[in-house]
Amino acid sequence: PEYLDLREDDHKQEKVNALSVELSNHTFDLENGPLFKAQLVHVEENTYALLFALHHIISDGWTMDVLFKDLTALYEGFLTQDRNVLAPLAIQYKDYAAWEHRQLQGELLQGHRDYWLAQFAGELPVLELRTDFPRPPVITNNAGTVNFLIDEVLRNKLVDLSHQQHVTLVMTLMTAFNTLLFRYSNQYDLIIGTPFGGRIRTELENQVGIFLNLLALRTQFSEQETFISLLKKTQKTVLGAFEHQVYPFDRIVKDLELRRHPGRSPLFDVMFSWQNTTEESFYPSEEDFLQQDPDTITEDSKYDLTFIFSDFQKGVFTSIKYNSDLFTKETIDGFKKRFLKIIESSVANPEIALVEIDLGQVKEQPKKRESFIKQNFNTKF
């Protein structure tokens with residue numbers, strides 16, 4: 001890696017922060033590489049900061065955990081002169097690539113394709129949330145972030161409810177997320193996106209590489225939908241999507257022959273993201289997380305809204321990343337408060353009808369039952 005000595009610098013922390021921002025915005029050459037860039041900063045006599053960035057084409061969030069864990073083990077092994085701190089990998093990434101290639105051929109391919117085409121048959125809904133600013137004609141990526149914590153008490157109630165209903169915490173939180181969108185949009189047919197890690201075998205857990213695939217999940221609501229009934233729908237949808245998760249998202253978009261709108265993403269504009277946190281020591285404390293300055297978060301907002309969850313015993317760290325060309329921070333604060341209200345109401349009374357959850361005054365769209373197909377979107381199905 002590149003080396004920089006800041007030991008004599010009076011503004012070392014500010015410069016480390018600036019270097020981190022600069023590195024996160026580094027432009028990679030996909031044709032010639034390299035796709036990994038690192039910088040070692042000498043901060044104090046015995047203190048260093050190691051900064052590195054990987055292009056998403058070779059890395060996902062899980063990969064970052066693996067890298068942190070392996071780097072720590074190698075460093076400790078170097079100090080103790082132990083050269084065998086990392087166990088040999090059971091398989092190589094090329095083995096996974098060969099397996100994936102086989103899945104996308106013949107009858108296996110057709111089975112995956114048929115499932116996804118059935119999921120998106122008919123007119124496709126377009127989520128219409130009331131925005132603070134007109135939607136730009138072309139997608140912009142200007143971002144804002146609001147952080148909050150689902151505290152330990154509320155988290156444990158969510159876990160208890162999940163166990164009682166034989167679902168995962170992820171499914172319960174996704175149900176609350178869909179409820180929020182349903183109440184704000186008054187639409188009875190919604191599609192959200194979620195990234196899936198793709199590491200479906202234990203042999204892949206210590207692999208570095210990109211296994212990620214986007215899953216588009218469609219939910220259709222009934223007139224008197226309860227939280228429990230929606231939770232069961234979510235479970236069925238998620239399990240079906242996981243069974244067919246090997247089919248690439250870009251192929252689904254191509255198969256549907258969507259006419260693209262330059263101001264929207266294909267199929268969905270909101271994202272639900274669950275981050276597996278295998279190494280808690282690499283994540284901020286609760287205080288640091290909640291007090292993090294949004295201006296220091298430099299990642300773009302690829303969607304209108306992205307809810308990002310990281311689960312710990314002390315609570316669920318939650319971030320709402322939003323497109324600041326569509327929403328103000330005050331509006332996103334409203335999303336946060338009402339999302340927490342939905343969780344509190346659902347754990348107190350899981351049989352509550354979604355329309356009866358008291359969210360106060362919400363800037364809802366007029367109530368709509370019909371499908372939401374726009375002139376700028378089209379599909380043959």
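Counting non-hydrogen atoms of other residues, nucleotides and ligands closer than 6.0 Å to NE2 of His26 gives a total above 12. Heavy atoms from other residues, nucleotides or ligands lying under 6.0 Å from CD of Glu22 number 12 at most. Within 6.0 Å of NZ in Lys157 there are 12 or fewer heavy atoms belonging to other residues, nucleotides or ligands. Within 6.0 Å of atom CD in Gln110, more than 12 heavy atoms from other residues, nucleotides or ligands are found, so the atom counts as buried in its surroundings. When the shell of 6.0 Å around CD of Gln105 is examined, it contains more than 12 heavy atoms from other residues, nucleotides or ligands. Within 6.0 Å of atom CG in Leu30, more than 12 heavy atoms from other residues, nucleotides or ligands are found, so the atom counts as buried in its surroundings.
Side chain of Thr306 to main chain of Met271: no donor-acceptor pair is present (N/O by atom type, distance under 3.5 Å, no hydrogens or angles). At distances below 3.5 Å, at least one donor-acceptor pair connects side-chain atoms of Thr63 with backbone N or O atoms of Gly209. In this structure a side-chain-to-backbone donor-acceptor pair under 3.5 Å is missing from Arg264 to Val126. Counting only distance, with no hydrogens or angles, the side chain of Arg155 and the backbone of Lys314 share no donor-acceptor pair below 3.5 Å. Side chain of Gln207 to main chain of Ile91: a donor-acceptor pair is present (N/O by atom type, distance under 3.5 Å, no hydrogens or angles). A donor-acceptor contact shorter than 3.5 Å links the side chain of Asp95 to the backbone of Gln92. The main-chain N or O of Ser20 is never found under 3.5 Å from a side-chain atom of Gln39 such that the two would form a donor-acceptor pair. Although no hydrogens or angles enter the test, the distance criterion places no donor-acceptor pair under 3.5 Å between the side chain of Ser345 and the main chain of Ile342. With hydrogens and angles disregarded, a donor-acceptor distance shorter than 3.5 Å links the side chain of Thr318 to the backbone of Val316. Although no hydrogens or angles enter the test, the distance criterion places no donor-acceptor pair under 3.5 Å between the side chain of Asp325 and the main chain of Thr140.
Proximity of Leu256 to Leu267: side-chain heavy atoms (C-beta onward) are separated by under 4.5 Å at one or more points. Counting only heavy atoms from C-beta outward, the side chains of Phe148 and Ile320 approach each other to under 4.5 Å. When side chains are defined from C-beta on, Leu190 does not count as touching Val270, because their heavy atoms never get closer than 4.5 Å. Side-chain atoms of Leu129 and Asp304, non-hydrogen and from C-beta on, never get closer than 4.5 Å to each other. Proximity of Ile192 to Phe307: side-chain heavy atoms (C-beta onward) are nowhere separated by under 4.5 Å. The shortest distance between side-chain heavy atoms of Lys329 and Tyr322 falls below 4.5 Å. Looking at Phe327 and Leu305, their side chains come closer than 4.5 Å, going by heavy atoms from C-beta outward. Counting heavy atoms from C-beta on, the side chains of Leu359 and Tyr184 never come closer than 4.5 Å.
Placement of Val208 and Leu86 in two distinct hydrophobic clusters is found when ILVMFWY residues are connected by side-chain heavy-atom separations under 4.5 Å, directly or transitively. Following chains of ILVMFWY side-chain contacts shorter than 4.5 Å, one can reach Phe36 starting from Leu40, so the two form part of one hydrophobic cluster. Criterion: ILVMFWY side-chain heavy atoms under 4.5 Å apart, direct or through other members. Under it, Leu71 and Leu54 are part of a common hydrophobic cluster. Taking hydrophobic clusters as Ile, Leu, Val, Met, Phe, Trp and Tyr residues chained together by side-chain heavy-atom distances below 4.5 Å, Leu169 shares a cluster with Phe242. Cluster annotation: Ile308 is not connected to Val238 through the hydrophobic network of ILVMFWY side chains, with a link wherever side-chain heavy atoms come within less than 4.5 Å.
Atom NZ of Lys336 and atom CG of Leu180 lie 13.0 Å apart (nearest 0.5 Å). Going from atom CG of Asn186 over to atom CZ of Arg130 covers 10.0 Å, rounded to the nearest 0.5 Å. Interatomic distance, CG of Leu108 versus OH of Tyr247, reported as 12.5 Å (0.5 Å rounding). One finds the CD atom of Gln275 at 12.0 Å from the CZ atom of Phe317 (value rounded to the nearest 0.5 Å). Of the inter-residue distances, the one linking Asn323 atom CG with Asn142 atom CG reads 6.5 Å to the nearest 0.5 angstrom. Note that CZ of Phe68 is 8.5 Å distant from CG of Leu50, once rounded to the nearest 0.5 Å.
Summarising the geometry of Ala353 relative to Gln224, their closest heavy-atom pair is CB-OE1, 4.1 Å, with the distance given to 0.1 Å. Minimum heavy-atom separation, Ser324 to Phe133: O-CE1, 3.8 Å. Nearest heavy atom pair, residue Trp116 against residue Ala241, reads CH2-CB, 3.6 Å. Looking at every heavy atom in both residues, Leu258 comes nearest to Pro266 through CD1-CB, 4.4 Å. When every heavy atom of Gln245 is checked against every heavy atom of Asn213, the shortest pair comes out as O-ND2, 2.6 Å. Among all heavy-atom pairs drawn from Leu326 and Pro134, the shortest one is CD2-O, 4.3 Å.
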- [ ] Test Arg251 against Arg113 for side-chain contact (heavy atoms from CB on, under 4.5 Å), laying out the working first.
- [x] CA-CA 9 Å; Arg251 287 204 185 188; Arg113 184 175 187 272; over 6 Å; no

- [ ] Check the pair Phe182 / Tyr188 against ring pair (Phe, Tyr, Trp, His ring centres under 6.0 Å), numbers first and verdict last.
- [x] CA-CA 7 Å; Phe182 169 70; Tyr188 286 75; 5.2 Å; yes

Open item on the list: Test side-chain contact (heavy atoms from CB on, under 4.5 Å) on Ile343 and Leu154; report intermediate values, then the result.
Closed with: CA-CA 8 Å; Ile343 294 175; Leu154 191 52; 3.7 Å; yes

TODO: List the steps and the verdict of side-chain contact (heavy atoms from CB on, under 4.5 Å) for Phe268 and Leu217.
DONE: CA-CA 9 Å; Phe268 55 81; Leu217 307 178; over 6 Å; no

- [ ] Take Phe52 and Met64 through the side-chain contact (heavy atoms from CB on, under 4.5 Å) test and state the conclusion after the steps.
- [x] CA-CA 10 Å; Phe52 58 91; Met64 302 307 292; 3.5 Å; yes

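Ion pairing between a basic and an acidic side chain is recognised when a charged N comes within 4.0 Å of a carboxylate O; Lys254 and Asp250 show no such pairing. Between Asp189 and Arg218 there is a salt bridge, since at least one side-chain N of the basic residue sits less than 4.0 Å from a carboxylate O of the acidic one. Under a 4.0 Å N-O distance rule, the pair Glu344/Lys337 does not qualify as a salt bridge.
Ring geometry, Phe309 versus Phe339: the interplanar angle falls from 30° to 60°, so the pair is classed tilted. Relative orientation of the His42 and Tyr48 rings is parallel, given thresholds of 30° and 60° on the angle between their planes. A tilted orientation is assigned to the rings of Tyr93 and Tyr96, their planes being inclined by 30° to 60°. Below 30°, between 30° and 60°, or above 60°: for His112 and His244 the angle between ring planes is above 60°, a perpendicular geometry.
Applying side-chain contact (heavy atoms from CB on, under 4.5 Å) to Lys15 and the options Leu6, Leu4, Val43 leaves one that passes, Leu6.
Pairs engaging residues 227-248 under the salt bridge (charged side-chain N to carboxylate O under 4.0 Å, His left out) rule: Glu225-Lys233 [sequence neighbours left out].
Aromatic pair Tyr75/Phe78: centroids not less than 6.0 angstrom apart.
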Going by atom type alone, with no hydrogens or angles, which donor-acceptor pairs under 3.5 Å involve a side-chain atom of residues 158-165 and a protein atom two or more places apart or on another chain?
from: Ser162; atom 1: OG; to: Leu158; atom 2: O; distance (Å): 2.8
from: Ser162; atom 1: OG; to: Thr172; atom 2: OG1; distance (Å): 2.7

